[in-house]
Amino acid sequence: MAADMAVKAVKAPPPAPFDPWDIAFGAGIVSDYIFRGVTQSNHNPSVTAYFEPRYNVNKDLQLYIGTSTESISFANRAAAEVDVYGGIRPTFGAFAFDIGVWGYLYPGGTCYFGAPFDTAGKPLSPECAVNALANGNVMKKDVSFFEVYGKVTYTINDNWAFTLNEYYSPNFLNTGAWGNYSSIIGKYTAPSTVFGTSGVGMYVSGEFGRQWLGTSDSFYGVPAFPNGIKYADYNTWNIGIGFTYKVFTLDLRYSDTDLSKGNCSAFTSDFTAGGTTNVTPINPGGTGSNWCGAAGIAKLSVDLTAMSNLK
(Lines give C-alpha, C1' and ligand atoms only; values in the text may rest on other atoms or scores of the structure.)
Protein backbone atom coordinates (compact mmCIF):
# COMPACT_ATOMS: atom_id res chain seq x y z
CA MET A 1 0.00 0.00 0.00
CA ALA A 2 2.86 2.38 0.79
CA ALA A 3 4.32 1.75 -2.62
CA ASP A 4 1.02 2.61 -4.24
CA MET A 5 0.48 5.85 -2.33
CA ALA A 6 0.25 8.93 -4.50
CA VAL A 7 3.31 11.11 -4.20
CA LYS A 8 2.76 14.83 -4.41
CA ALA A 9 5.30 16.35 -6.77
CA VAL A 10 7.38 19.19 -5.35
CA LYS A 11 7.53 22.11 -7.74
CA ALA A 12 10.96 23.44 -8.57
CA PRO A 13 11.44 27.04 -7.55
CA PRO A 14 10.91 29.50 -10.40
CA PRO A 15 14.11 30.85 -11.95
CA ALA A 16 15.29 34.13 -10.56
CA PRO A 17 14.10 37.02 -12.72
CA PHE A 18 16.79 38.55 -14.92
CA ASP A 19 17.81 41.94 -13.55
CA PRO A 20 19.63 43.90 -16.25
CA TRP A 21 20.79 46.66 -13.94
CA ASP A 22 24.06 46.73 -12.04
CA ILE A 23 26.31 49.35 -10.48
CA ALA A 24 30.09 49.24 -10.22
CA PHE A 25 31.85 51.55 -7.78
CA GLY A 26 35.09 51.82 -5.90
CA ALA A 27 37.90 53.97 -4.61
CA GLY A 28 41.65 53.93 -4.32
CA ILE A 29 44.82 55.67 -3.25
CA VAL A 30 47.93 55.75 -5.42
CA SER A 31 51.44 56.95 -4.65
CA ASP A 32 51.66 58.79 -7.99
CA TYR A 33 48.84 59.41 -10.48
CA ILE A 34 50.47 58.54 -13.82
CA PHE A 35 48.52 59.04 -17.06
CA ARG A 36 50.19 57.67 -20.19
CA GLY A 37 53.59 57.93 -18.57
CA VAL A 38 53.12 61.51 -17.28
CA THR A 39 52.43 62.35 -13.64
CA GLN A 40 49.21 64.26 -13.01
CA SER A 41 49.94 64.74 -9.31
CA ASN A 42 53.50 66.16 -9.31
CA HIS A 43 54.76 62.71 -8.18
CA ASN A 44 52.64 62.99 -5.02
CA PRO A 45 49.89 60.65 -3.78
CA SER A 46 46.42 60.90 -5.31
CA VAL A 47 43.02 59.62 -4.26
CA THR A 48 40.32 58.46 -6.65
CA ALA A 49 36.72 57.21 -6.63
CA TYR A 50 34.28 56.12 -9.34
CA PHE A 51 30.62 55.26 -9.84
CA GLU A 52 29.38 53.35 -12.92
CA PRO A 53 25.74 52.31 -13.53
CA ARG A 54 25.41 49.49 -16.08
CA TYR A 55 22.57 48.05 -18.13
CA ASN A 56 22.95 44.52 -19.47
CA VAL A 57 20.84 44.18 -22.61
CA ASN A 58 21.80 40.49 -22.56
CA LYS A 59 24.82 38.44 -21.53
CA ASP A 60 26.79 39.72 -24.54
CA LEU A 61 25.95 43.43 -24.55
CA GLN A 62 26.32 46.01 -21.81
CA LEU A 63 25.58 49.75 -21.86
CA TYR A 64 27.21 51.99 -19.25
CA ILE A 65 27.80 55.51 -18.04
CA GLY A 66 30.10 56.60 -15.27
CA THR A 67 31.97 59.28 -13.43
CA SER A 68 35.22 59.34 -11.51
CA THR A 69 37.35 61.91 -9.69
CA GLU A 70 41.08 62.13 -9.06
CA SER A 71 43.16 64.59 -7.07
CA ILE A 72 45.79 66.30 -9.25
CA SER A 73 48.49 68.97 -9.21
CA PHE A 74 48.43 71.00 -12.43
CA ALA A 75 50.21 74.26 -13.24
CA ASN A 76 46.86 76.07 -13.47
CA ARG A 77 45.97 74.88 -9.95
CA ALA A 78 42.80 73.10 -11.10
CA ALA A 79 40.80 71.71 -8.18
CA ALA A 80 40.61 68.10 -9.41
CA GLU A 81 40.06 65.89 -12.44
CA VAL A 82 36.42 64.92 -12.93
CA ASP A 83 35.76 62.30 -15.59
CA VAL A 84 32.40 61.66 -17.25
CA TYR A 85 32.14 58.76 -19.68
CA GLY A 86 29.80 56.30 -21.36
CA GLY A 87 29.71 53.59 -23.99
CA ILE A 88 28.88 50.02 -24.94
CA ARG A 89 30.62 46.70 -24.25
CA PRO A 90 29.69 43.98 -26.74
CA THR A 91 31.21 40.50 -26.48
CA PHE A 92 31.72 38.01 -29.30
CA GLY A 93 33.14 34.76 -28.01
CA ALA A 94 36.68 35.39 -26.76
CA PHE A 95 36.62 39.02 -27.94
CA ALA A 96 35.30 41.75 -25.62
CA PHE A 97 34.91 45.25 -27.07
CA ASP A 98 34.54 48.60 -25.31
CA ILE A 99 33.56 51.67 -27.35
CA GLY A 100 32.67 55.06 -25.93
CA VAL A 101 33.38 58.72 -25.18
CA TRP A 102 35.40 60.01 -22.21
CA GLY A 103 35.31 63.60 -20.96
CA TYR A 104 38.09 64.98 -18.74
CA LEU A 105 36.99 68.05 -16.77
CA TYR A 106 39.36 70.23 -14.72
CA PRO A 107 37.31 72.82 -12.81
CA GLY A 108 38.73 75.62 -10.71
CA GLY A 109 41.76 76.49 -12.84
CA THR A 110 43.50 79.85 -13.23
CA CYS A 111 45.10 81.17 -16.40
CA TYR A 112 48.88 81.68 -16.19
CA PHE A 113 50.62 83.61 -18.96
CA GLY A 114 52.05 86.89 -17.67
CA ALA A 115 51.38 89.13 -20.67
CA PRO A 116 48.35 90.79 -22.29
CA PHE A 117 49.06 89.21 -25.72
CA ASP A 118 50.21 85.76 -26.83
CA THR A 119 53.12 85.19 -29.22
CA ALA A 120 50.87 85.72 -32.24
CA GLY A 121 49.64 89.08 -30.90
CA LYS A 122 46.21 87.84 -29.87
CA PRO A 123 44.80 89.56 -26.77
CA LEU A 124 44.45 87.51 -23.59
CA SER A 125 42.14 87.95 -20.61
CA PRO A 126 43.16 90.16 -17.67
CA GLU A 127 43.53 87.01 -15.57
CA CYS A 128 46.07 85.57 -18.02
CA ALA A 129 47.95 88.86 -18.11
CA VAL A 130 48.42 89.29 -14.35
CA ASN A 131 49.25 85.67 -13.44
CA ALA A 132 52.62 84.17 -14.35
CA LEU A 133 54.57 81.05 -13.46
CA ALA A 134 58.08 81.70 -12.13
CA ASN A 135 59.73 79.42 -14.69
CA GLY A 136 58.03 81.01 -17.72
CA ASN A 137 55.68 78.13 -18.56
CA VAL A 138 52.09 79.00 -19.42
CA MET A 139 48.76 77.20 -19.00
CA LYS A 140 45.15 77.92 -19.81
CA LYS A 141 42.45 78.33 -17.18
CA ASP A 142 40.42 75.44 -18.58
CA VAL A 143 42.21 72.40 -20.03
CA SER A 144 39.13 70.17 -20.22
CA PHE A 145 38.80 67.91 -23.28
CA PHE A 146 37.19 64.70 -24.51
CA GLU A 147 38.28 61.54 -26.31
CA VAL A 148 36.52 58.84 -28.28
CA TYR A 149 37.92 55.38 -27.65
CA GLY A 150 37.78 51.77 -28.67
CA LYS A 151 39.23 48.73 -26.94
CA VAL A 152 39.23 45.02 -27.70
CA THR A 153 40.36 42.29 -25.30
CA TYR A 154 41.14 38.80 -26.53
CA THR A 155 41.00 36.22 -23.73
CA ILE A 156 43.08 33.20 -24.69
CA ASN A 157 42.33 31.18 -21.56
CA ASP A 158 41.91 31.63 -17.80
CA ASN A 159 45.50 32.87 -17.55
CA TRP A 160 46.27 35.00 -20.61
CA ALA A 161 44.57 38.04 -22.15
CA PHE A 162 45.66 40.84 -24.50
CA THR A 163 44.06 44.25 -25.09
CA LEU A 164 44.40 46.79 -27.90
CA ASN A 165 43.47 50.41 -27.08
CA GLU A 166 42.80 53.41 -29.30
CA TYR A 167 41.94 56.94 -28.08
CA TYR A 168 41.50 60.11 -30.14
CA SER A 169 40.90 63.73 -29.14
CA PRO A 170 40.49 66.66 -31.56
CA ASN A 171 41.75 69.05 -28.87
CA PHE A 172 44.00 67.33 -26.33
CA LEU A 173 44.06 69.17 -22.97
CA ASN A 174 42.40 72.11 -24.77
CA THR A 175 45.79 73.00 -26.29
CA GLY A 176 44.41 73.17 -29.83
CA ALA A 177 46.47 70.08 -30.75
CA TRP A 178 44.86 66.79 -31.69
CA GLY A 179 45.97 63.71 -29.79
CA ASN A 180 45.99 60.01 -30.66
CA TYR A 181 47.00 57.26 -28.22
CA SER A 182 47.42 53.59 -29.13
CA SER A 183 48.63 50.80 -26.88
CA ILE A 184 48.77 47.07 -26.31
CA ILE A 185 48.39 45.43 -22.91
CA GLY A 186 49.30 41.88 -21.94
CA LYS A 187 48.09 40.31 -18.72
CA TYR A 188 48.87 36.98 -17.06
CA THR A 189 46.57 35.90 -14.24
CA ALA A 190 48.03 33.20 -12.02
CA PRO A 191 45.94 30.13 -11.10
CA SER A 192 43.66 30.71 -8.11
CA THR A 193 45.63 28.15 -6.12
CA VAL A 194 48.94 29.99 -6.42
CA PHE A 195 48.68 30.96 -2.74
CA GLY A 196 46.85 27.82 -1.66
CA THR A 197 43.44 28.35 -0.11
CA SER A 198 44.18 31.85 1.18
CA GLY A 199 41.97 33.49 -1.45
CA VAL A 200 44.82 35.74 -2.61
CA GLY A 201 45.18 36.08 -6.37
CA MET A 202 48.04 37.43 -8.45
CA TYR A 203 48.60 38.86 -11.91
CA VAL A 204 51.42 40.36 -13.97
CA SER A 205 50.68 42.93 -16.68
CA GLY A 206 52.46 45.34 -18.96
CA GLU A 207 51.58 48.02 -21.51
CA PHE A 208 53.40 49.65 -24.40
CA GLY A 209 51.82 52.74 -25.96
CA ARG A 210 52.53 55.69 -28.21
CA GLN A 211 51.06 59.18 -27.90
CA TRP A 212 50.89 61.21 -31.12
CA LEU A 213 50.22 64.95 -30.82
CA GLY A 214 49.46 67.77 -33.23
CA THR A 215 50.21 71.51 -33.14
CA SER A 216 48.93 73.77 -30.37
CA ASP A 217 47.20 77.09 -30.79
CA SER A 218 49.06 80.38 -30.38
CA PHE A 219 48.56 80.49 -26.58
CA TYR A 220 51.40 77.95 -26.30
CA GLY A 221 53.46 79.43 -29.15
CA VAL A 222 57.12 80.46 -28.88
CA PRO A 223 59.00 83.14 -30.88
CA ALA A 224 60.11 80.62 -33.53
CA PHE A 225 56.57 79.23 -33.81
CA PRO A 226 54.23 82.08 -32.81
CA ASN A 227 51.07 80.37 -34.08
CA GLY A 228 51.66 77.20 -32.05
CA ILE A 229 54.15 74.44 -31.30
CA LYS A 230 54.20 70.89 -32.66
CA TYR A 231 54.30 68.77 -29.53
CA ALA A 232 56.75 65.87 -29.53
CA ASP A 233 55.28 62.38 -29.99
CA TYR A 234 56.49 59.86 -27.45
CA ASN A 235 56.45 56.22 -26.38
CA THR A 236 55.42 55.09 -22.92
CA TRP A 237 55.48 51.75 -21.15
CA ASN A 238 54.71 50.21 -17.78
CA ILE A 239 55.00 46.80 -16.15
CA GLY A 240 53.81 45.60 -12.79
CA ILE A 241 52.48 42.91 -10.52
CA GLY A 242 49.18 42.90 -8.65
CA PHE A 243 47.68 41.00 -5.74
CA THR A 244 43.95 40.60 -5.19
CA TYR A 245 41.92 39.57 -2.16
CA LYS A 246 38.14 39.67 -2.30
CA VAL A 247 37.35 43.25 -3.41
CA PHE A 248 40.86 44.62 -2.77
CA THR A 249 43.73 45.04 -5.23
CA LEU A 250 47.33 46.08 -4.55
CA ASP A 251 49.15 47.00 -7.76
CA LEU A 252 52.91 47.71 -7.87
CA ARG A 253 54.14 49.17 -11.15
CA TYR A 254 57.05 50.82 -12.99
CA SER A 255 56.31 53.47 -15.64
CA ASP A 256 58.50 55.44 -18.04
CA THR A 257 58.58 57.38 -21.35
CA ASP A 258 61.16 58.44 -23.93
CA LEU A 259 60.08 62.10 -23.80
CA SER A 260 63.00 64.46 -23.14
CA LYS A 261 62.94 66.78 -20.14
CA GLY A 262 62.75 69.84 -22.38
CA ASN A 263 59.84 68.56 -24.48
CA CYS A 264 58.16 67.30 -21.30
CA SER A 265 58.26 70.82 -19.86
CA ALA A 266 56.68 72.27 -23.00
CA PHE A 267 54.00 69.58 -23.08
CA THR A 268 52.99 69.58 -19.42
CA SER A 269 53.56 73.26 -18.48
CA ASP A 270 55.21 71.83 -15.35
CA PHE A 271 55.35 74.58 -12.71
CA THR A 272 58.31 72.83 -11.03
CA ALA A 273 60.46 72.66 -14.19
CA GLY A 274 63.80 74.42 -13.88
CA GLY A 275 67.16 75.05 -15.47
CA THR A 276 68.12 76.42 -18.86
CA THR A 277 70.01 73.54 -20.51
CA ASN A 278 67.11 71.48 -21.86
CA VAL A 279 66.63 73.59 -24.97
CA THR A 280 64.45 72.14 -27.77
CA PRO A 281 62.76 73.84 -30.73
CA ILE A 282 59.49 74.07 -28.75
CA ASN A 283 61.22 74.99 -25.47
CA PRO A 284 63.72 77.80 -26.16
CA GLY A 285 63.94 78.65 -22.47
CA GLY A 286 65.47 75.26 -21.72
CA THR A 287 63.50 74.39 -18.59
CA GLY A 288 63.54 70.67 -17.77
CA SER A 289 60.73 68.61 -16.26
CA ASN A 290 60.86 65.21 -14.55
CA TRP A 291 57.10 64.71 -14.90
CA CYS A 292 57.59 62.32 -17.86
CA GLY A 293 60.42 60.18 -16.49
CA ALA A 294 60.72 56.89 -14.66
CA ALA A 295 58.34 56.40 -11.74
CA GLY A 296 57.37 53.67 -9.33
CA ILE A 297 53.68 53.41 -8.51
CA ALA A 298 51.83 51.64 -5.69
CA LYS A 299 48.04 51.60 -5.76
CA LEU A 300 45.57 50.13 -3.28
CA SER A 301 41.99 49.99 -4.54
CA VAL A 302 38.62 48.50 -3.70
CA ASP A 303 36.15 47.59 -6.47
CA LEU A 304 32.58 46.37 -5.98
CA THR A 305 29.42 45.72 -7.95
CA ALA A 306 25.94 45.87 -6.50
CA MET A 307 24.86 42.50 -7.92
CA SER A 308 27.93 40.62 -6.64
CA ASN A 309 28.92 42.38 -3.43
CA LEU A 310 25.77 43.94 -1.97
CA LYS A 311 23.46 40.95 -1.90
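Keep in mind that this is a model prediction, so the values were computed, not measured.
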Looking just at side-chain N and O atoms, do [X] and [Y] make a donor-acceptor pair shorter than 3.5 Å?
X    : Y    : value
N165 : S183 : yes
S71  : S46  : yes
N159 : T189 : no
T163 : T153 : yes
E166 : N180 : yes
N137 : S265 : yes
D270 : T272 : yes
N76  : T110 : no
D32  : T39  : yes
Y231 : Q211 : no

Donor-acceptor contacts, no H, no angles, side chain residues 168-175, under 3.5 Å, sequence neighbours left out:
unit_1: S169; atom_1: OG; unit_2: F146; atom_2: O; d: 2.9
unit_1: S169; atom_1: OG; unit_2: N171; atom_2: N; d: 3.1
unit_1: S169; atom_1: OG; unit_2: F172; atom_2: N; d: 3.4
unit_1: N171; atom_1: OD1; unit_2: T175; atom_2: N; d: 3.2
unit_1: N171; atom_1: OD1; unit_2: G176; atom_2: N; d: 2.6
unit_1: N171; atom_1: ND2; unit_2: N174; atom_2: OD1; d: 3.1
unit_1: N174; atom_1: ND2; unit_2: D142; atom_2: O; d: 2.6
unit_1: T175; atom_1: OG1; unit_2: F172; atom_2: O; d: 2.7
unit_1: T175; atom_1: OG1; unit_2: A177; atom_2: N; d: 3.2

Rounded to the nearest 0.5 Å, what's the gap from [atom1] on [X] to [atom2] on [Y]? Could you check?
X    : Y    : atom1 : atom2 : value
L300 : F248 : CG    : CZ    : 7.5 Å
F271 : M139 : CZ    : CE    : 10.0 Å
R253 : I241 : CZ    : CD1   : 10.0 Å
F267 : Y234 : CZ    : OH    : 4.5 Å
T215 : Y220 : OG1   : OH    : 14.5 Å
K187 : E207 : NZ    : CD    : 12.5 Å

Exceeds 12 heavy-atom contacts within 6.0 angstrom, atom [atom1] of [X]:
X    : atom1 : value
F208 : CZ    : yes
K230 : NZ    : yes
N157 : CG    : yes

Next item on the list: Compute both the distance and the angle, then confirm whether R210 meets the cation-pi test with Y181: under 6.0 Å from the six-membered ring centre, within 45 degrees of the axis.
Entry: no

Note to self: Quick one, T249 with T244, criterion side chain to side chain donor-acceptor pair (under 3.5 Å). Give me CA distance, side-chain angles, the key distance, then yes/no.
What the structure shows: CA-CA 4 Å; T249 300; T244 61; 5.8 Å; no

To check you understand the geometry: which heavy-atom pair defines the closest contact between [X] and [Y], and what is its length?
X    : Y    : value
V279 : P284 : CG2-O, 3.9 Å
T268 : C292 : CG2-SG, 4.0 Å
L213 : D233 : N-OD1, 2.8 Å

Item checked: Matching residue for Y112 among N131, V138, V130 - test: side chain to side chain contact (heavy atoms under 4.5 Å, CB included) -> N131

So, for [X] and [Y], is the gap between ring centers shorter than 6.0 Å?
X    : Y    : value
F162 : Y154 : no
F25  : Y50  : no
Y64  : Y55  : no

Check: For the side chain of T48 and the backbone of T69, is there at least one donor-acceptor N/O pair under 3.5 Å apart?
Finding: yes

Item checked: Basic-acidic side-chain contact under 4.0 Å: D98, R89 -> yes

Item checked: Candidates Y104, W178, Y167, W102 - the one meeting ring pair (Phe, Tyr, Trp, His ring centres under 6.0 Å) with F145 -> Y104

Margin query: Filter on disulfide (SG to SG under 2.5 Å), then keep only pairs touching residues 61-177, sequence neighbours left out; what's left?
Written below: C111-C128

